[in-house]
Amino acid sequence: MRFVTIFFLQSVLHSASTQAKEINKLFGIFTIAAVLLLLFVSSLIIYICIRFRDKPGNPIPVQIGKNNRIELLMFLFPTVMIAIFLVLTIRTINRVMKPARGQPDVIITGHQWWWEVYYPATGVTAANEIHLPVNRNLLIEFHSADVVHDWWVPEFGNKMDVVPGKNNHIWLNITNAGNYVGACSEFCGAEHAWMRIRVFAEEEPAYQTWLDANKKTASIPSDELAMRGMILFQSASCGSCHRISGTFSKANIGPDLSHIFSRTTMLSGMMPMNEKNLHAWISDPQLVKPDSKMPDFIFSRDSVNAIVHYLTQLK
Ligand code: CUA
């Protein structure tokens, strides 16, 4: 089955956070040093090859067994270079990877194969699409619900393993508003490739608007079909895995669906969020995302229509 996916350019060279800028500064210094060294060594080799090449009738050159000064230089030069790189690296690590303090701003939990996003200060829960404010030093904590995942949005620089039983963290100060894409960067099973990350970095007012909208209890069905969808959702035990605020569904094995239709994509960035894709997904989850934890309920077409209609009202 083929779905259109929206791709954005991902590049580590484009820094969108103060942490990425620090890392890229270090990368720049390393690159310049490496290029200079390459130019120096290759020029020397070319010069030697031309200047001292063999010509007919040349005598065998004087054979030198050892030269203490050159050997000392060969030892000292790399040692000093490595020492400088070490100091620069430690300085960057200290600037980027500060210890955690206080309550995290966001807790991101890796699941097979989606991301749970929790904002402790407001109690808001979202999935896969992460809204973050710009120009704020954010403490982000990572939990895993099952296996090792890895959180990485190249433009933010920081990359962090998401390990069961160990809560890692990063500090992140996003400097440019915009949409950023990343992916789980540690093989975590069949659908590892479809564990994408989407970050909406917003100015404070837009971020607060999003937060306020997501703090609200899920919408109540506004028509008969949606009401039938909600009843089906509850009776078919969808709520054993999902949460919809204000209803009996309170689990978090699958993504929180309280505001599902406000998201732009579904299944961790696998496809755009729309009625057609929701229909395909609920009709045959294992065909759309094989091995995912979503079971096939073998709903009738009408039932799927009702559930999808209900979900589209959860904005
Ligand atoms: Cu999660 Cu790879």
Side-chain angles (χ1 to χ4, degrees), residues 1-12 16-17 19-20 23 97 100 104-120 124-132 138-172 174 179-201 241-243 251-257 260 263-273 277 281 285-296:
M1 194 171 281
R2 275 182 299 156
F3 289 103
V4 184
T5 321
I6 312 145
F7 283 103
F8 292 100
L9 186 68
Q10 297 175 52
S11 169
V12 280
S17 76
Q19 288 77 10
I23 294 169
M97 308 204 42
D105 297 282
V106 187
I107 295 174
I108 296 176
T109 306
H111 293 256
Q112 282 174 315
W113 291 277
W114 62 283
W115 302 93
E116 181 187 337
V117 194
Y118 177 64
Y119 301 75
V124 166
T125 305
N128 303 320
E129 298 193 351
I130 306 165
H131 288 250
L132 296 174
L138 303 166
L139 176 61
I140 303 181
E141 200 172 273
F142 297 98
H143 299 187
S144 169
D146 35 52
V147 299
V148 179
H149 304 274
D150 189 289
W151 197 82
W152 196 35
V153 176
E155 272 87 349
F156 295 162
N158 277 340
K159 183 170 182 285
M160 188 48 71
D161 273 347
V162 179
V163 183
K166 186 186 186 304
N167 300 338
N168 289 334
H169 75 273
I170 59 166
W171 285 97
L172 180 64
I174 307 171
N179 299 347
Y180 300 95
V181 205
C184 177
S185 307
E186 182 72 50
F187 182 72
C188 55
E191 294 293 343
H192 156 73
W194 285 119
M195 200 170 159
R196 302 291 171 93
I197 304 160
R198 197 163 289 245
V199 175
F200 295 83
C241 289
H242 295 283
R243 176 176 172 269
N252 76 334
I253 293 169
D256 188 306
L257 306 178
I260 178 178
R263 294 174 202 144
T264 62
T265 56
M266 49 186 278
L267 308 184
S268 253
M270 197 175 185
M271 55 184 93
M273 175 69 74
N277 288 340
W281 169 238
Q286 293 303 316
L287 180 69
V288 177
K289 200 168 182 177
D291 267 11
S292 73
K293 297 225 169 89
M294 173 91 159
D296 188 351

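Start at 1 and go down the list; that is how both ligands and their atoms are numbered. The basis for the numbers below is simple: all heavy atoms, side chains too, and nothing from hydrogens, waters or symmetry mates.
- With atom 1 (Cu) of ligand 1 as the vertex, SG (C184) and SG (C188) define an angle of 120°, rounded to 10°.
- Once rounded to the nearest 0.5 Å, the distance linking CG of N167 with CD1 of I107 reads 8.0 Å.
- For atom 1 (Cu) of ligand 1, the set of nearby N, O or S atoms under 2.8 Å includes one belonging to M195.
- In terms of modelled atom types and a separation under 3.5 Å, the side chain of E116 and the main chain of T125 share no donor-acceptor contact.
- Distance check for E186 against atom 2 (Cu) of ligand 1: an N/O/S atom falls below 2.8 Å.
- A donor-acceptor pair under 3.5 Å links the side-chain atoms of W115 to the main chain of M195, judged by distance alone.
- Looking at H192 and atom 2 (Cu) of ligand 1 together, the shortest N, O or S contact belongs to ND1.
- Within the 4.5 Å cutoff, the side chain of S268 has heavy atoms near those of the K289 side chain.
- Residue contact annotation: H149 places no N/O/S atom under 2.8 Å from atom 2 (Cu) of ligand 1.
- Considering I170, I140, V12, I174 in turn, I174 is the only one that fulfils the side-chain contact (heavy atoms from CB on, under 4.5 Å) rule with F156.
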